[in-house]
Number of protein chains: 2
Amino acid sequence: MSLNQVDRQILALIQQDASLSTAEIADKVGLSQSPCWRRIAKLEQDGYIKGKVALLDDKKLGFDMLVYANVRLSNHGRNNLAEFEELILSYDEVTECYTMAGTMDFMLRIISKGIDGYERFVRDNLLNLEYVQEVHSNVTMTCVKRTTALPL
Amino acid sequence: MSLNQVDRQILALIQQDASLSTAEIADKVGLSQSPCWRRIAKLEQDGYIKGKVALLDDKKLGFDMLVYANVRLSNHGRNNLAEFEELILSYDEVTECYTMAGTMDFMLRIISKGIDGYERFVRDNLLNLEYVQEVHSNVTMTCVKRTTALPL
DNA sequence: TATTAAAGAGAATAAAATTCTCATAATTTT
DNA sequence: AAAATTATGAGAATTTTATTCTCTTTAATA
């Protein structure tokens, strides 16, 4: 099952604004409402659309600290990767986590309230773990751009 | 204007799933539909909710390459920050961009199709610029976690 | 060329969003 | 403390949107 041009257009639209009505979308892509609706339903069914979410204003809610932290585990820790990853999933402050090519590190995106909030998180939840060998914090200053949209 | 417990609950819910109906949300937070709707409307009005978007499956759409690139500008480039940032905004492959504390670098989150897609992007759009001094690519391997939700 | 499968249009229905009116509780003012 | 104002909730009414259905057209296949 593959996507045609209209499908891509639909995806491009709703990844920017999921509050568009199917009628509006239909209009923009040159379809009538019901087939447009069916396409969207199919895109969800087939898993192209993972979900719809509201994006909140982090600054306004007090989250003024955004840090990308590189975490290096000890040899011992590498045998408990599953455990570490479970923990990461449970920490709401960690909004993203990747393993990196080259190094044996994890990169974490950590959002918190103030430097103190960040320090508390790192101390209590990362340095805490015996198998965490090193945490290197890369603090962001200004957000120039941030979008969830893919370059379709 | 400040948020009460119910407002926070509402935000916590819709940042996870924006397809919930106001009736469902109302139910979960212990309100009836209309006041719940009004709260949500106010949260939008007041800017706590920046928007609603559909999250797409990047892998499924062919975006299998995710890189965090550190970009260092020359002295000359630092006098054209505005121009550089404008460009960044125009590149759909760059989904995030921050200036970093400490260094005078930018950190870019770049999503593309394959190594070749990435290389093409960097060559054509970054190395291209005379005032870009250095691009350091940090390639991600596995995505352990990724959410847009704030730790409310 | 006949036949089947995909995909679109438009109308009908169901569900949800939005608005309105009224009641209650909290807060402020006198 | 009483009166008045404001904020917030409930429920019904209305409008809009999502969803389903039927029919037609187009495209693909035998």
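Chain A is the first sequence line, chain B the second, and so forth, proteins listed ahead of strands; every chain is numbered from 1.
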Self-check item: Working for side chain to side chain contact (heavy atoms under 4.5 Å, CB included), residues T140(A) and E96(B)
Solution: CA-CA 12 Å; T140(A) 66; E96(B) 298 181 44; over 6 Å; no
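For A23(A) and R38(A), each mapped to the nucleotide of DNA chain D holding its nearest heavy atom, the one lying further toward the 5' end belongs to A23(A).
Listed pair W37(B) / dT18(C) meets the phosphate criterion, a side-chain N or O lying under 4.0 Å from OP1 or OP2.
When ring centroids are compared, Y98(A) and F106(A) stay outside the 6.0 Å threshold.
Remark: C1' of dG8(C) and CG of N4(A) are 13 Å apart, rounded to the nearest angstrom. Counting to the nearest Å, the P atom of dT18(C) and the CD1 atom of I25(B) are 11 Å from each other. Here the P atom of nucleotide dA15(C) and the CG atom of D27(B) are 17 Å apart, to the nearest Å. For the pair I40(B) CD1 and dT19(C) C1', the interatomic distance rounds to 15 Å; values are reported in whole Å. Regarding D17(B), its CG atom lies at a distance of 15 Å from the C1' atom of dA16(C), rounded to whole Å. Spacing between atom CD of Q33(B) and atom C1' of dA15(C) amounts to 10 Å, rounded to whole angstrom units. Rounding to whole angstrom units, CD1 of residue I10(B) and P of dA17(C) are separated by 13 Å.
Listed candidates were dA11(C), dG8(C), dA17(C). Nearest to the side chain of S34(A) is dA11(C).
Within the 4.5 Å cutoff, the side chain of V94(A) has heavy atoms near those of the F121(A) side chain.
Between Y118(B) and S137(B), the side chains place a donor N or O and an acceptor N or O closer than 3.5 Å (distance only, hydrogens not considered).
Salt bridge absent: K28(A) and E24(A) never bring a charged side-chain N and a carboxylate O closer than 4.0 Å. A salt bridge is absent between K113(B) and D64(B); no separation between the charged side-chain nitrogens and carboxylate oxygens falls under 4.0 Å.
R78(B) places a side-chain N or O within donor-acceptor distance of the main-chain N or O of L73(B), the cut-off being under 3.5 Å.
Using a 4.0 Å heavy-atom criterion, one finds that S32(B) contacts the bases of the nucleic acid, with or without backbone contacts as well.
Close approach of DNA chain D to chain A, defined as any atom under 4.0 Å from a non-hydrogen atom of the protein, starts and stops at dT17(D) to dT20(D).
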